[in-house]
Amino acid sequence: MIRNLIVIDFLKIKRKGFWLLTLLGPFGVVLMQMVNYGVRKDYLLKQSDNDWEYFLDNVHSFTPLAMILGIAILTSFMASVEDETSSWKQLLALPVTKWSVYLSKFTVVFSLLFFSSCLLMIFTLGFGVFLDLGKPIPYRGILQYSFYPFLAALPVLALQLWVAVVSQNQGIPITTGIIGTIFVFWSSALPDWVIWKWPSLENKWESPLLNVVLGISVGIVFYVAGMLDFNRRDVK
């Protein structure tokens with residue numbers, strides 16, 4: 001049943017621009033560096049002894065912002081698909097449980113963001129090779145910068161989906177997303193416990209993996225809390 005719900009949800013978003021947004025996020029992040037290196041490549045290459053590391057740091061400087069903004073848009077759009085046609089009651093009238101409906105929505109957005117992270121990895125590697133930044137190519141670093149922000153942002157994903165599916169007005173999750181985006185701009189000044197800081201992979205212990213572990217753990221907690229709340233509410 002879960003598999004069928006996920007397939008149905010993917011069919012619902014087929015012509016809604018979700019896949020375009022999934023592409024634009026990582027492409028936009030790397031495009032910023034295409035412009036940056038295209039205008040002042042020689043200057044940037046003189047800034048560091050490790051050209052690949054410096055390039056990855058530049059790419060990563062935009063990744064958390066794109067990730068948080070993408071989560072806000074995708075989760076809101078995911079809920080609005082049902083809101084536009086007032087189909088929540090019709091959906092829940094089927095022989096399905098609320099928790100399975102919630103899981104399906106989460107899985108679809110999770111899959112889109114995972115695919116976006118895969119594209120970010122490919123675009124980053126491709127442009128880095130094009131720039132001829134030298135060898136060895138830091139494949140591990142590219143993987144970390146591509147997927148760690150996504151995993152660290154899971155609490156934001158769980159929270160945004162929770163807000164989106166229970167809100168009568170999709171302006172509320174969009175507002176929450178905008179606030180989260182503002183937090184990302186000031187992430188370096190935020191305490192380490194703020195979930196919007198975690199995709200930046202910064203903490204006082206200088207351990208990006210810690211942000212990932214916290215992201216997965218707290219993300220599960222927020223997901224369960226959102227699912228339980230959705231399960232007890234009346235349908236829209």
Side-chain angles (χ1 to χ4, degrees), residues 1-19 21-22 67-117 147 149-181 183 193-199 211-236:
M1 181 57 68
I2 292 293
R3 180 179 178 276
N4 291 337
L5 284 173
I6 294 173
V7 171
I8 291 172
D9 276 332
F10 270 114
L11 289 174
K12 287 180 180 179
I13 68 172
K14 187 175 182 180
R15 293 182 175 85
K16 299 291 185 178
F18 281 70
W19 291 107
L21 288 172
T22 302
M67 181 62 65
I68 299 302
L69 188 59
I71 286 174
I73 295 173
L74 289 175
T75 51
S76 179
F77 280 12
M78 194 74 217
S80 67
V81 168
E82 307 295 346
D83 293 338
E84 289 173 359
T85 56
S86 300
S87 59
W88 282 109
K89 291 185 178 180
Q90 299 175 21
L91 176 62
L92 295 174
L94 299 173
V96 296
T97 59
K98 283 187 175 181
W99 72 264
S100 60
V101 171
Y102 194 85
L103 175 59
S104 176
K105 305 294 183 187
F106 182 87
T107 301
V108 170
V109 180
F110 180 95
S111 300
L112 291 172
L113 293 170
F114 178 80
F115 179 65
S116 186
S117 297
F147 291 98
F150 161 58
L151 296 173
L154 288 181
V156 181
L157 168 57
L159 178 62
Q160 285 288 153
L161 182 64
W162 183 1
V163 174
V165 298
V166 301
S167 297
Q168 299 292 333
N169 184 350
Q170 285 306 306
I172 296 176
I174 290 295
T175 301
T176 305
I178 293 174
I179 294 173
T181 303
F183 283 160
W193 55 265
V194 177
I195 61 175
W196 288 276
K197 181 177 182 176
W198 296 349
N211 290 34
V212 174
V213 173
L214 287 171
I216 295 173
S217 303
V218 178
I220 292 173
V221 173
F222 279 12
Y223 166 77
V224 172
M227 180 189 65
L228 292 175
D229 184 49
F230 178 71
N231 195 55
R232 71 174 180 81
R233 286 176 179 265
D234 294 330
V235 295
K236 299 180 181 182

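Scope of the values below: all heavy atoms of this structure, side chains included, with no hydrogens, waters or symmetry mates.
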Review point. Are the aromatic rings of Y102 and Y223 close, with centres under 6.0 Å apart?
Key: yes

Exercise for review: Taking the six-membered ring for Trp and the single ring otherwise, decide whether the centroids of F150 and F110 are under 6.0 Å apart.
Suggested key: yes

Straight-line distance of [X] [atom1] to [Y] [atom2], nearest 0.5 Å:
X    : Y    : atom1 : atom2 : result
T107 : L103 : OG1   : CG    : 4.0 Å
S111 : F18  : OG    : CZ    : 13.0 Å
I68  : T181 : CD1   : OG1   : 7.0 Å
L214 : L154 : CG    : CG    : 11.5 Å
T22  : L113 : OG1   : CG    : 7.0 Å
I172 : T176 : CD1   : OG1   : 7.5 Å

Practice item. Can you sort out the partners of R3 under salt bridge (Lys or Arg N to Asp or Glu O under 4.0 Å), two or more places apart, ordered by chain and number? Key: none

Counting distance only, does the side-chain N/O of [X] pair as donor-acceptor with the main-chain N or O of [Y] below 3.5 Å?
X    : Y   : result
S104 : L5  : yes
S100 : T97 : yes
T75  : I71 : yes
S80  : F77 : yes
Q160 : S76 : no

Taking side chain as C-beta onward, heavy atoms only, is [X] less than 4.5 Å from [Y]?
X    : Y    : answer
F230 : W162 : no
S117 : M67  : yes
F183 : I195 : no
I13  : L112 : yes

Point to revise | CA sep, side-chain torsions, deciding dist, call: M78, F106, side-chain contact (heavy atoms from CB on, under 4.5 Å) | key: CA-CA 9 Å; M78 194 74 217; F106 182 87; over 6 Å; no

So, for [X] and [Y], which heavy atoms are closest and what is the spacing to 0.1 Å?
X    : Y    : value
P149 : P199 : CB-O, 3.6 Å
A72  : I174 : O-CD1, 4.3 Å
N211 : W198 : ND2-O, 3.0 Å

**Study point:** salt bridge (Lys or Arg N to Asp or Glu O under 4.0 Å) pairs, two or more places apart, involving residues 104-116
**Key:** D9-K105, E82-K105

Review point. Parallel under 30°, tilted from 30 to 60°, perpendicular over 60°: which one fits the rings of F147 and F114?
Key: tilted

Exercise for review: In sequence, state the C-alpha distance, the side-chain angles, and the governing distance for R232 and L228, and then conclude on side-chain contact (heavy atoms from CB on, under 4.5 Å).
Suggested key: CA-CA 6 Å; R232 71 174 180 81; L228 292 175; over 6 Å; no

